[in-house]
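Report on the structure given below.
Note that ligands are numbered from 1 as they come in the structure, with each ligand's atoms numbered from 1 the same way. Heads up: numbering here begins at 1 and tracks the sequence.
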Amino acid sequence: MHFAELVSLFGELEDTSKRLEIRQKLSTFLVKVEADELPAVIYLLQGQLRPEYEGIELGVADSLARKAVALATGLPESTIQQHGSHSGDLGDTAEALWGEGRKPPSRPLRVREVYDRLTGVAEAKGEGSQEVKVGLLRDLLTSAEAKEAKYLVRLVLGRLRLGVKEMTLVDALAAAYAPEDQFKEARGAIEAAFNVTSDLGEVASSLAAHGLPALVGVRAQVGKPVRAMLAEREATLKSALDRMGGTAALEYKYDGLRLQAHVPGPSGGPVRLFSRRLENVSSQFPEILEAIPLSLGPGPAIVEGECVPVDPVTGELRPFQEISRRRGRKYDLTRFQEEVPVRLILFDVLLAPEGPTLDRSYPERRGRLEAMVKVTDRVDLAVREVVDDLGTAEAFFHRALSDGCEGVMAKSLAPGSTYRAGARGFWWIKYKREYTHELADTVDTVVVGAFRGRGRRAGRYGALLVAVYDAQAETFPTLCKVGTGFDDKTLEDLTRRLSSREQKEPPKDVVSTLVPDVWLEPSLVLELRGAELTLSPVHRAGDGLLRAGYGFALRFPRFTGRIREDKSPEEATEVKELLRLYQTQVRHAEAEAPEGPPGPHRPPRKEPGASPGGTESP
Ligand code: AMP
């Protein structure tokens, strides 16, 4: 396929923000792509070269891209720089200046060729790599037409930003490869396969080559992180137990970093650790890398657990904040290893040496896990007890708290309790310590805008506009404005960190009626606590779900001090979760209200445990 065809799609996608239109344009395009070229197209549409978990960054520095544009156009770098600072986008500048003094390319560029050369740019490392990158990019640009140059420049800068989300691609693939009346099933199968492999390029190409049946029962593979199974919440332990039919396994809910450990098997290769965001974080926990084979044998295996900080002397659990000191650290690793030692507490197995386990029930997986793991001082199993009465459950919960955990996870023992990659459901229910007169849980919000500080806070952000995630619409609707809970240093750090993401226009996927002083491209997730969720005409989270024209807002929001580096914006609290939080809060309030006949002044009582539409229940 000619690169020009893909570029023309880029242009069309840039001109629309309507999701249906985007999906339609994508699906019409995708059917035309050969199976072997499909992965490249899928990655490029997202501004990537490989699935995200491989962490291959295209983003070259502005100065490097400028140099390559100068060489390809034959214009002085100062001209490019001048034009660039005027247009604000080096891609636009390249397009505008392309005609001047250039010979037209001798033959059209092909997608495969562009992809391979961009890979070369990304892979050039070490001494002299900057010159190599400039050279490769110059050659590529020299073969490009003006429009192609514009998008090549944006691609290498890591600023393609077409707004094509993974789920939109899943929809588009389903529309492209399944008859209309099977769209829903196809989408489900594609999403499920993607949740297991985290590689949409691979899923797309096996779909194109072998059709939908190829995606059924896709197995977890060592080296490819599986999307985490997620928990629902309940307001009381009783309702959690009731929801599971009176019997459940309770496990300690550890407060650390969720890690997936991939053990390669006898054929060899390194053990890899992936975070919940599917990042390869192996290098940050060398002691866990070492400990895994001693505890699990040669594999192949994929296990999941929570990596928690422990006291170097007593071995007791330490607060979560301590482990965050180790995240992203490249230097001084040894010192931090001594100061903040960690332990991996395993709670699930996704692939066992004997075969795949995703489709096995939780009791079976837990049994397999216990048989596989040799407990050491670095690798342990989550404390667990099967309970069938509230008294025992409460005692277990209090033991969890006094052992330094934040609560418990109730896990369904039903035969259907398979590992549901990437799905949130009532097969797992989290229950945390309750905070009187506060919302029962914290909310993870995405920063989408900022208001400039005044007085003591002049020169930095004074408050932030934050949003939650609407998975259905793939948007970030606002939840509140928050300025409490930040000390001056944090605000200064946040300002420094986020200012490169400032935008004049609201980002395409942000839904807000408030206009902040600056818009921020969604990137950072902050944990907030608040007094309650209220319905608000100002904020757009869950707009119209409970009342036309109203969304949810968090009252008296306060930053807890915890930046959720482990969560991507799309992993922030979802609108669907807010609805449940709102409902449990309503139920709380009802439970506290004096008993009496329901009158017109009291809202009708909701079915206890009523689940919001579409949420699975064991
Ligand atoms: P939350 O981050 O509050 O949504 O809670 C869910 C998280 O709890 C999971 O993603 C895990 O990282 C963590 N967790 C801690 N202990 C367990 C456990 N025993 N089983 C499952 N998840 C656990």
Q. Would you call Leu413 and Val386 a side-chain contact if the rule is heavy atoms closer than 4.5 Å?
A. yes
Q) With the threshold set at 4.0 Å, does a side-chain nitrogen-carboxylate oxygen contact exist between Glu577 and Arg424? A) yes
Q: Please list, chain by chain and in numerical order, all residues satisfying side chain to side chain donor-acceptor pair (under 3.5 Å) with Thr560, sequence neighbours excluded.
A: Glu527
Q: Run through ligand 1 for me and note each protein residue having a heavy atom under 4.0 Å from it, chain first, then residue number.
A: Glu251, Tyr252, Lys253, Tyr254, Arg258, Arg276, Glu306, Phe347, Met409, Lys411, Trp428, Lys430, Lys432, Arg564
Q. Looking just at side-chain N and O atoms, do Thr168 and Glu474 make a donor-acceptor pair shorter than 3.5 Å?
A. yes
Q: Considering only NZ, NE, NH1 and NH2 on the basic side and carboxylate oxygens on the acidic side, decide whether Asp566 and Arg276 come within less than 4.0 Å.
A: no
Q.
Using ring pair (Phe, Tyr, Trp, His ring centres under 6.0 Å), reason through Phe552 and His539 one step at a time and then give a plain yes or no.
A. CA-CA 6 Å; Phe552 292 116; His539 290 288; over 10 Å; no
